[in-house]
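Side chains included, hydrogens not; waters and symmetry mates left out as well; all remaining heavy atoms used. In what follows, chains carry the letters A, B, and so on, assigned in the order in which the sequence lines appear, proteins first and then strands, with residues in each chain numbered from 1.
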Amino acid sequence: MERFRKLLVTAAIFAAASLIGYGFSIAGFPDASIALVYLLAVLFAVRQTSSLLTGLITSLAATFCFNYFFAEPRFTLTVNDPNYYVTFLVMTVTALAVSTLTARVRRDAQTAREREQEAKALYTLTNLLSDAPNMETIEEIAAGAVSEGLQCGAGCLGFDASGNPEQTYIYKPYGRERSLIRREPEEKEELLFRLNHLREDHYEGEEFYDWPMFSEDKILGVIRIQRADMEKMDPSQIRMLHAMLDSISLAMDRFRTAEQRIQSREEASRERYRANLLRSISHDIRTPLTGIIGTSEMLTARLADEPDARQMAEHIRKDAAWLHSLVENILTLTRLQDQGLSVAMETEVVEEIVGGAVARVAELHPDHEIEVELPEELLMAPMDAKLIEQVIINLLENAIKHSPPNGPVLVTVAAGAADWLRPGAGDPQDAGGQGAASLRDMVMISVCDEGTGIREKDLPHIFELFYSVEHHNRSRQRSYGLGLTICETIIRAHQGLIAARNREGAQGAEFAFALSQQKGEEIQ
Amino acid sequence: MSVKILIVEDDKQIRGFIGYALSNERYETMEAGSGGEALRRMEEDRPDIMILDMGLPDMDGMEVIRKVREHSLLPILVVSARDREKEKVAALDQGADDYLTKPFSTTELLARVRVAARHLDQQLTDRSEPTLTVRDLRIDSDKRLTYLSGREIHLTPMEYQLLHFMMQNAGKVLTSGAIINELWGAGYGNDTQALRTLMAGLRRKIEKNPGKPEYIVTEIGVGYRLKEG
C-alpha cells in the first residue's frame, strides 16, 4: 500500500516534470534546462525513500523520459543526433549522484532520529528507575521499558541480597497496555546453575533468552525475552537492549546498596540500644546489690549471739553475691556480643592471670582450699586478660558449687593442651594425632574438683546456654547455665579450646581450656 | 583525735551502711549526697579521708577528684559501679588513691580505709624510713637488702626498686603506668610487657606459689597491690 502510494507520487512528479519540460520546449528553452527539470524530479522522488535501488530506477526513468518526450525524433527511444548519448550519460550519472546523496542524507536523518529516540527512552527509563521505591517497582519498570522500547515481550526477575531468585517474576507482553503478568520462575537450582555457568553475556534457551545483570560478581536480576522476538532484533535494537540492561542493573545495584546500608545502620543502632540497656540495667542492679551485701554483712556481724537470725542474714548475702555474679556474666556476654566476638589481646603472663582470679575467688570462699600447680617455665599467652580472668573465676565458682563442703579445688597450668580438649576427641571415628603440633603450642589451664562429677548424658550440653543439671540432693536448683556458656563464648573468641570431662582415676569433674602460647624471647 | 571520713554517695542506703561500718571502727563520719555538697564539706569540715562515688547526680566523680586535688592531698577512696578498667585507671591517674568496685564487702572497704589512715600518719612522719616491713617481708633501704621471714633474698636492682616502691605504697593499688613511671621514668611510655616479666621474676622470689600470691596481687587491667594483711 505504502509502496503503491510512493509509486503514484513518483509517477505524478515525473508527469509534472514532463509537462514543465513541454512548456519549456514550446517557449524554446534549450534541452539542458529540460534535463535539469528531470534532475529536480529525481531529487523529489528519492526524498520519499532512502533506498539506493529506487535512486537508480528513477535516474534511468528520468533519462528515458527525456529521450522519449524531448530528444528528436520525439516519442521514440531513438535519437538523430549522437551528441544526445553524451547528454543521456551525463544526465544519468548526475541523477544517480543526486539520488545517492539524497538517500544518504535521509538515512543519516533516520539514524539520528532513532538515536534520539533511544536516548530519550533510556533517559525516561533511568528517570523512572531512580524514583522506584522498591525492587518490585524496578522490575515492573524494567519489563515495561524493554517491552516497549524493543517491541517484544519482556520479563524481569529480581534476586535478593543473598543471591537467590525471587518467588515470581514480572512479564510484560508486547502491545497490550499495562498488562503485567506475574509468573513463577523455574527451579531455583536450575536457574542459578545456568546463570553461573554462562560462557557469554546471555543464555539462549529454547523459548527465551536470559540476560543476567551483575554487580561485582553478584547477580542482581535477569531480563527475559522471547526467543522469537530476540531473533527479529537488528543490531541497533541489541545495542539498545545492552544500554537498558546497564541502566537497570545500575538502579538495582543502587537500591541493594542503599537497602544494605539502612539495614546495617538499623542493626547497629538496635545493637547499641540493647547493649546500653543491658549495661544500665547491670549498673542499676549493682547499686542496690552494694546496699544489700553491705547491710547483710553488717547484720551478720551484729547478730553474733542469735545463730538463726545470723544465718538468715548470711543467706541474704550469699544470694546477693550470686545475683552479682550473674549480672557480671550478663555484662560480659553483652560486651562480647557488642564487639562481634572479637577480643583485644595482649600478651600476658599466664600465672599472673590465674593468681588474680584465684585470689578473688579465695576471698569469697575462704572455707574452700584452692591449690594451684604451676610449671617451672614462665608461660605467656596473648589474651584479653579480663575475660580470661572471668573464665577462670567462673570455672572455680562452678567447681566450688559442685564440691562437697570444704572440698578442695585444684588449678593446674601446663604447657601443651591435653588430647581430650581436641574437638572430636573420644569420637570413635576420630583418627587422632591430627593437630598434635598445635596442641603442643598451647597453654592449658584446668580446674578439678572432688564433687559428684558430670553425668554422661549432660556432658555434651554442659556449655549450652542455661542448660541445667538436676540436683537430687539440693532443694534449690541453679543452672550451670550462663557461667559455663560465657566461658565457652570467651574461649571461642580467643580461638582456644575448652572441654569438660570426669576425672580419670579420681572423683569429680575436670574443666579445662587452652590458649595459643606466645613463643618469644627468653624470659630472665 | 579520731580520723574524720567524708562519705560522698548519692544512694542513702549505701551511705548508711558505710557510715555504720566506719563508726563501728571508731572513725568519725560525715556524709554528702552530691558533688557540690562534698566540696562544701571539704572546706567547712576538713575531713581526713574521702570515700567517693563516681556517679553523682550533679557532677562527675572525676571532676570532684580534680577540684579536690587543686588544694588537698587527702586520700580519696573511690567506690563505683563503673567497672571498666579504663575508668579505674583514669580515676587513679587523676589523683584518687584507691578504687573499689561495687558491690564490695565491708571487710574490703575497712581494709582500704585502714591503709588510707595509715598513709595519713606516714604523711606526718618521715616518709624515707630506713626499713620497710610488710608482714614477713622487710627491706633495709640503707643497705638495699631484702629479707623474707628473716632470711635474705637476692633481688636484681630492678626487682629491688619495684619491691621498694610497692612496699612504700603497701595496701594501695598502683597502676601499671605509675609503676613504669617510677622505675623507668616518664619517657618510657606504657610498655607493660617489661613490667609483667619483671613482676613474674619478683614473685618467684617472694611468693611461695606465684599462682596463689600472698603478697603482690594483680588487679587485672589496672595494676598491682601489695597486700598488707
Side-chain angles (χ1 to χ4, degrees), chain A residues 282-302 317 320-321 323-324 327-328 331 335 346-360 362-364 370-374 376 378 380 384-390 411-413 520-521 523-524, chain B residues 9-21 24 53 55 79-86 100-111 156 158-159 192-201 203-204 207-222 224-225 227:
Chain A
S282 294
H283 181 275
D284 288 353
I285 288 175
R286 274 198 190 119
T287 305
L289 272 177
T290 310
I292 297 169
I293 292 176
T295 315
S296 57
E297 271 180 347
M298 294 319 303
L299 267 178
T300 314
R302 282 197 64 174
R317 191 195 64 80
L323 199 57
H324 171 229
V327 171
E328 293 302 321
L331 249 185
R335 275 189 204 147
E346 252 185 81
T347 302
E348 304 278 350
V349 176
V350 176
E351 62 192 44
E352 183 168 272
I353 308 305
V354 172
V358 168
R360 281 191 46 182
E363 222 165 85
L364 294 169
I370 303 174
E371 285 298 326
V372 183
E373 271 183 32
L374 297 178
E376 273 301 307
L378 197 59
M380 317 269 277
D384 180 319
K386 197 72 199 164
L387 291 177
I388 295 301
E389 180 192 34
Q390 181 131 26
V411 183
T412 318
V413 180
E521 63 276 88
I523 293 131
Q524 296 95 355
Chain B
E9 161 72 65
D10 64 324
D11 187 284
K12 209 171 150 224
Q13 202 197 347
I14 297 178
R15 220 161 52 214
F17 95 77
I18 293 178
Y20 180 82
N24 257 2
D53 175 33
V79 287
S80 171
R82 300 178 192 172
D83 69 334
R84 297 256 165 164
E85 275 59 45
K86 259 194 302 208
L100 265 179
T101 305
K102 286 180 184 173
F104 48 84
S105 78
T106 326
T107 335
E108 230 177 328
L109 175 75
L110 290 175
T156 66
M158 283 311 274
E159 284 166 355
T192 50
Q193 203 59 50
L195 174 60
R196 282 185 196 129
T197 320
L198 181 67
M199 189 63 83
R203 273 185 175 143
R204 288 183 168 226
E207 303 281 5
K208 270 190 230 123
N209 183 347
K212 231 173 108 178
E214 287 164 28
Y215 287 99
I216 301 174
V217 290
T218 308
E219 307 251 330
I220 290 166
V222 181
Y224 300 90
R225 181 196 306 276
K227 284 209 297 192

Contact origin within T101(B) toward chain A - heavy atom pairs under 4.5 Å: neither
Contacting region of I370(A) [heavy-atom separation from chain B under 4.5 Å]: backbone
Side chain, backbone, both or neither of E214(B) within contact of chain A (heavy atoms, under 4.5 Å): neither
Options E373(A), E371(A), E328(A), E352(A), ranked by heavy-atom pairs under 4.5 Å with chain B, top entry: E352(A)
Distance-minimising heavy-atom pair for I293(A) and A320(A): CG1-CB, 3.5 Å
Modelled atom types, side-chain donor and acceptor of R302(A) and Y20(B), under 3.5 Å: yes
Minimal non-hydrogen separation, T347(A) against Q193(B), with atom names: O-OE1, 3.3 Å
When N209(B), I216(B), I18(B), V217(B) are compared by non-hydrogen pairs under 4.5 Å with chain A, the top option: N209(B)
Region of L289(A) in contact with chain B, defined by heavy-atom distances below 4.5 Å: both
Exam field: side chain E297(A) to backbone T106(B), donor-acceptor pair closer than 3.5 Å: yes
Contact leader toward chain B among V354(A), T295(A), V358(A), where contacts are heavy-atom pairs under 4.5 Å: T295(A)
Selection from K386(A), E348(A), R360(A), R286(A) maximising heavy-atom pairs under 4.5 Å formed with chain B: R286(A)
Among the listed options I14(B), T107(B), L109(B), the residue most often paired with chain A at heavy-atom distances under 4.5 Å: I14(B)
Closest heavy-atom pair and its distance - T287(A), A81(B): OG1-CB, 4.3 Å
Partner chain A: residue of K102(B), R196(B), Q13(B) with the largest heavy-atom pair count (under 4.5 Å): R196(B)
4.5 Å side-chain heavy-atom contact, L378(A) and E351(A): yes
Chain B contact via A385(A) - which portion, at a heavy-atom distance below 4.5 Å: both
Chain A contact via E108(B) - which portion, at a heavy-atom distance below 4.5 Å: side chain
Minimum heavy-atom distance V349(A)-A200(B), with the two atoms named: CG1-CB, 4.2 Å
Largest heavy-atom contact set with chain B, pairs under 4.5 Å, which of A321(A), G355(A), P288(A): G355(A)
Under 3.5 Å donor-acceptor, R225(B) side chain and E219(B) backbone: no
Over 12 non-hydrogen atoms of neighbours within 6.0 angstrom of CZ in R317(A): yes
N/O donor-acceptor pair under 3.5 Å between E207(B) side chain and Y215(B) backbone: yes
Heavy-atom proximity to chain A below 4.5 Å, by part of D53(B): neither
Most chain B-contacting option - heavy-atom pairs closer than 4.5 Å, from G294(A), G356(A), A359(A), A301(A): G294(A)
Contact origin within R204(B) toward chain A - heavy atom pairs under 4.5 Å: side chain
